[in-house]
Structure formats: C-alpha cells, structure tokens
Asker: 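Quick one: structure below, then a few questions.
Per chain, numbering begins at 1; letters A, B, ... match sequence-line order.
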2 protein chains.
Amino acid sequence: MEIWKRYSEKEVSHSMAHYLQTVAQLKAEKGHARVGDIAEYLGVSKSGVTSMLRSLEKRGLVRHERYGCVELTDEGSGFASRTESSRRVLSMFLTEILGVAEDVATEDACMIEHLVSPEVSIELLRLTTFIRSKHPAAALFRDAYRTSPRSCKEHEPGACDLCGATCLRESLITPIGRAPVRI
Amino acid sequence: MEIWKRYSEKEVSHSMAHYLQTVAQLKAEKGHARVGDIAEYLGVSKSGVTSMLRSLEKRGLVRHERYGCVELTDEGSGFASRTESSRRVLSMFLTEILGVAEDVATEDACMIEHLVSPEVSIELLRLTTFIRSKHPAAALFRDAYRTSPRSCKEHEPGACDLCGATCLRESLITPIGRAPVRI
DNA sequence: CTCATATGTTAAGCTACCTCAACAGTCTTG
DNA sequence: CAAGACTGTTGAGGTAGCTTAACATATGAG
C-alpha cells in the first residue's frame, strides 16, 4: 500500500481525536459528557455528535446509551490522552524551541497531533527537554542558536547540503502563485 | 471558528497535495503527466484521477482538457514545491536530529507535510541546519545530546516541568487500552 | 482507412462527516 | 402528574474521495 494512502487508515481521524479529547475534557471538568456539551464545545450540531458517537462506539472507543452520558472506554481514553500529550509536546517544541508565534503553533499542533507517531513525540519531548535544560552544552547551544543565520545566503559554505539544487527555504517562503522571493 | 475545524478548510487536502506532487514529479521525469500515469503512481483508479482533476481545476491548481495531458498552474506548482520542501525538511529533521527510524520518519513526514505552516518548516530547517553545522556549540550539543536521558526518571529535577502532573512520556508510550507502562 | 487496443470519462454507489428540520424522550415546575 | 421546555435522535441531503462497470475517444498496425 502506498504510504500516502495510510492517511485514511489512521486508527483515529482528526475529527475522532477531537471528539475523544472533548469527552475526556468535559468528564474532567464537569464530571460527565453529554451530547449537547460536546456539540457546544466542538461547535457542531447535536445530530453530528450523535452520529459520530455511533462511529466511535462501533470502534469501541466510547460507550453511549440513548439519551445517556458518554463514557470513554480504556482504549478511547488512551487515544485521548496520547493525542493530548502529543499536542502539548508539539506546542512546547514549536513555541519554545522553534520560536514560532503562539497562534501558529497552536493551530499546527492541533492539525498534526493525531498524525505523528509516538516515537516522534517521545523524541521531540526528549529534544525539547534537553535544549531547555541546565546542561552547559544546552545553554551554550541556546545562545549560539539565537543568532544563527536565518537565510541560506548566510550559511557557512556546505551547510546547505540539505537544500540540494534549490534552496528549500526559498521554496518554503514562496507565496503561492508567484515567483520565488529573492532574499 | 474553532481551530480544529480549519482542518477541512486547508487550502489543499492531503489527497490534493499528493496529486499535485505527483503531477510535478511525472512532468519532471517524463515530460508530461497523463491520467493513467497519475493513477498508477498513486495507486488509485483512473476515474478517481479524472474526478480529482476536476476539483483541482475548479480550484485553479491544474489545467486539463479531456483526453489531454495535465499541467500545473503557477499556483498548483507553488503548492507542489512547497509541500515537497516541507516533506524534505521534516524527513531530515526526524531522521537526523530526532534519530527516528527511516520508515517512521517517511510516513510521518508524508502525513503532515501539507499541514505544517511555512513558518514552522522554515524554523525547522534553520534548527536542523544549525544542529548539523560545524559551529562549536552545535558540535558540543550533538555530543551531549547523544547521551541525554531518555526517561523522565533520569531528568534532572525540575526539568520535567513540561510534563505537569503526569509524565508526558508515559502517556505517549502507553499502548492503547492498557495501563501506563512503568519505566 | 479501419479496427483492435490503449487510454480516458461517465455513472452509480460507498464511507466519512457534516448540516437542518422534524420528531421523540426526559425533566422540571406549577 | 401533566404542560411546556430542554435535550437527543432520526432522516434527508451535501461534499470529498474513493471504487467498479460500462461506455467513449484516440492511436497505431496492417
């Protein structure tokens, strides 16, 4: 199977991940999660919630009886907390290490939280923790990195072997539909 | 609008991004992209390609006449190269900095390439380039990082402020549906 | 030039996830 | 304990992306 097709075969979809997180959140906040709460929290219609709950129940991720409260199964709660942790790690990395603006970081983390492998999240946590640590090499690194070059032109010769023929950075900052911006 | 809902409002979907990249790839490889080539490359049916091309044409990303070859518009080609660059940056970061296995890195990069903001890709490129550079602080960092703790238990006290009440790492490695593994 | 083969399109149908409108069950309150 | 107000479900309908099967166009070999 082509890799890109596995997208639709992920254990949980983007929507599902957010439903599960919402149930966990509501449960923690108010002790129970009801259809109306979920609908309001996510900004979808109650009927949308009802039908999503049917899918989640079929997959064994929640329990839900007609007109009753929603409960996460162990598996559902595992997904919820894994995605939640993944989001927190991503957010932290994006804002504190990469220095990306908070709103961008929040949005990106929300988009990809359910797609990154546990291995990647774990290593990202390790990297983030280490860079922020009091280890002398980390402190030195933070100082040096703060002033490291932002454009390819400033790279030391050879550093840009990442880029190959065309500068990656240029193609990344190219506004869609226009010629690459020279920097 | 709730952030999570912007998922379906991304300029290009996962599928679209891959169609655009495929057209660019085929064009570069054999000089032209035809429906059959695209179908074979992506492992989908030709009718699927025809209908996706209709969507892409409606969005102004490709040009396609009945029974003819497919061409990218400037906008389409911008998306193709931006996603491609994003993927390369992600792959590099995941394998060379995080040290994640190649197949995991490839799959993850493929899943999220179209979802990460340009800002994030650019900063990720900068970080990757710097860590790999000959800068003394980078060399020192690489050495120190190689032996940095892999589990929360080994963190220096206070380093785990990332985690809050529960260790993020533990919830990330928890096999779905079971109790957290103690490490 | 014609016909078989290769290539491409159409049509109908499926799943996922959403909407709105109508209906049904539950709860509160007089 | 019944009326009305909430809350939840059903049903029909929409978009995106796929599938298969049937049909249409194009091409090149004799």
Side-chain angles (χ1 to χ4, degrees), chain A residues 1-23 26 30 32-71 79 110-111 114-115, chain B residues 1-23 26 30-71 110-111 114-115:
Chain A
M1 157 90 61
E2 287 79 359
I3 293 175
W4 76 281
K5 281 192 157 187
R6 295 191 201 141
Y7 193 76
S8 39
E9 259 130 58
K10 288 277 162 190
E11 322 98 322
V12 294
S13 66
H14 176 73
S15 288
M16 285 179 163
H18 282 273
Y19 274 87
L20 294 175
Q21 283 185 69
T22 300
V23 173
L26 290 169
K30 21 172 37 178
H32 60 265
R34 311 190 48 189
V35 169
D37 302 330
I38 301 173
E40 195 194 4
Y41 193 98
L42 286 173
V44 298
S45 65
K46 284 181 289 182
S47 51
V49 174
T50 301
S51 83
M52 177 57 100
L53 289 177
R54 231 192 312 271
S55 307
L56 291 171
E57 183 142 46
K58 241 187 276 175
R59 273 185 179 53
L61 301 174
V62 304
R63 278 179 299 276
H64 176 226
E65 319 189 329
R66 279 184 58 142
Y67 301 104
C69 287
V70 183
E71 302 291 341
F79 273 117
C110 167
M111 297 300 147
H114 65 300
L115 293 169
Chain B
M1 156 89 58
E2 287 80 359
I3 293 176
W4 77 281
K5 282 192 156 187
R6 296 192 200 139
Y7 194 75
S8 40
E9 259 130 57
K10 288 278 163 188
E11 322 98 323
V12 294
S13 66
H14 177 73
S15 289
M16 285 179 165
H18 281 274
Y19 273 87
L20 293 175
Q21 283 184 68
T22 300
V23 173
L26 290 170
K30 23 176 24 181
H32 60 266
R34 309 190 50 188
V35 169
D37 303 330
I38 301 172
E40 195 194 3
Y41 193 99
L42 287 174
V44 298
S45 65
K46 284 180 288 180
S47 52
V49 174
T50 301
S51 84
M52 176 56 98
L53 289 177
R54 231 193 311 272
S55 307
L56 291 171
E57 183 142 46
K58 241 187 274 175
R59 273 184 179 52
L61 300 173
V62 304
R63 278 180 299 275
H64 176 226
E65 318 190 329
R66 280 184 57 139
Y67 301 104
C69 287
V70 182
E71 303 290 341
C110 168
M111 296 300 148
H114 65 299
L115 293 170

Asker: Please classify the nucleic acid contact of S8(B) as base, sugar-phosphate, or nothing, using heavy-atom distances under 4.0 Å.
Answerer: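 Answer is nothing: S8(B) stays at 4.0 Å or more from every strand.
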Asker: Could I get the full list of salt bridge (charged side-chain N to carboxylate O under 4.0 Å, His left out) partners for K58(A), not counting sequence neighbours?
Answerer: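 Applying salt bridge (charged side-chain N to carboxylate O under 4.0 Å, His left out) to K58(A) gives none.
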Asker: Taking the nucleotide of DNA chain C with the closest heavy atom to each, which residue, S15(A) or Y67(A), is nearer the 5' end?
Answerer: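 It is S15(A), whose closest nucleotide lies nearer the 5' terminus.
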Asker: Do the ring planes of H14(B) and Y7(A) sit parallel (below 30°), tilted (30 to 60°) or perpendicular (above 60°)?
Answerer: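 Correct class here is parallel.
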Asker: At under 4.0 Å between heavy atoms, what does Y7(B) touch on the DNA or RNA strands: base, sugar-phosphate, or nothing?
Answerer: nothing
Asker: How would you label the contact of H18(A) with the nucleic acid (heavy atoms, under 4.0 Å): base, sugar-phosphate, or nothing?
Answerer: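 Result for H18(A) = nothing.
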Asker: Contact class for H14(B) (heavy atom, under 4.0 Å): base, sugar-phosphate, or nothing?
Answerer: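 H14(B): no heavy atom of the nucleic acid under 4.0 Å.
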Asker: For G36(B), report the nucleic acid contact type (base, sugar-phosphate, nothing); a contact means any heavy atom under 4.0 Å.
Answerer: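 Sugar-phosphate contact only.
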Asker: In terms of heavy-atom contacts, does CD of E9(B) have more than 12 from other residues, nucleotides or ligands at under 6.0 Å?
Answerer: yes
Asker: Under the side chain to side chain contact (heavy atoms under 4.5 Å, CB included) criterion, do V44(A) and Y19(A) qualify, and how do the steps go?
Answerer: CA-CA 11 Å; V44(A) 298; Y19(A) 274 87; 3.5 Å; yes
Asker: Who are the side chain to side chain contact (heavy atoms under 4.5 Å, CB included) partners of S55(A), not counting sequence neighbours?
Answerer: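 Only M16(A), M52(A) meet the side chain to side chain contact (heavy atoms under 4.5 Å, CB included) criterion with S55(A).
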Asker: Quick one: label K58(B) by what it contacts on the DNA or RNA (base, sugar-phosphate, nothing), any heavy atom closer than 4.0 Å.
Answerer: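 No contact.
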Asker: Identify, with sequence neighbours excluded, every residue that meets salt bridge (charged side-chain N to carboxylate O under 4.0 Å, His left out) alongside E71(A).
Answerer: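 Salt bridge (charged side-chain N to carboxylate O under 4.0 Å, His left out) check on E71(A) returns K27(A).
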Asker: Quick one: on DNA chain D, does R54(A) or W4(A) contact a more 5' nucleotide (nearest heavy atom)?
Answerer: R54(A)
Asker: Can you work out whether S45(B) or R59(B) has the more 5'-proximal nearest nucleotide on DNA chain D?
Answerer: R59(B)
Asker: Return the set of residues passing side chain to side chain contact (heavy atoms under 4.5 Å, CB included) with R6(B) (not counting sequence neighbours), or none when no residue passes.
Answerer: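 Only E107(A), M111(A), M1(B), I3(B) meet the side chain to side chain contact (heavy atoms under 4.5 Å, CB included) criterion with R6(B).
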Asker: Please tell me which of M16(A) and S47(A) maps to the more 5' nucleotide of DNA chain C, matching each residue to the nucleotide holding its nearest heavy atom.
Answerer: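 The residue closer to the strand's 5' end, by nearest nucleotide, is M16(A).
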Asker: Please identify the 5'-most and 3'-most nucleotides of DNA chain D with any atom under 4.0 angstrom from a heavy atom of chain A.
Answerer: dT7(D) to dT19(D)
Asker: Just the endpoints, please: which first and last nucleotides of DNA chain C, 5' to 3', lie under 4.0 Å from a heavy atom of chain B?
Answerer: dT7(C) to dT19(C)
Asker: Under the side-chain contact (heavy atoms from CB on, under 4.5 Å) test against H64(A), which residue among E57(A), R34(A), R54(A) passes?
Answerer: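 So, applying the side-chain contact (heavy atoms from CB on, under 4.5 Å) to H64(A) and each of E57(A), R34(A), R54(A), only E57(A) qualifies.
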Asker: Ignoring hydrogens and angles, state whether a donor on the side chain of S47(B) or S45(B) is under 3.5 Å from an acceptor on the partner side chain.
Answerer: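 Checked: S47(B)/S45(B) side chains pair up, N/O donor to acceptor below 3.5 Å.
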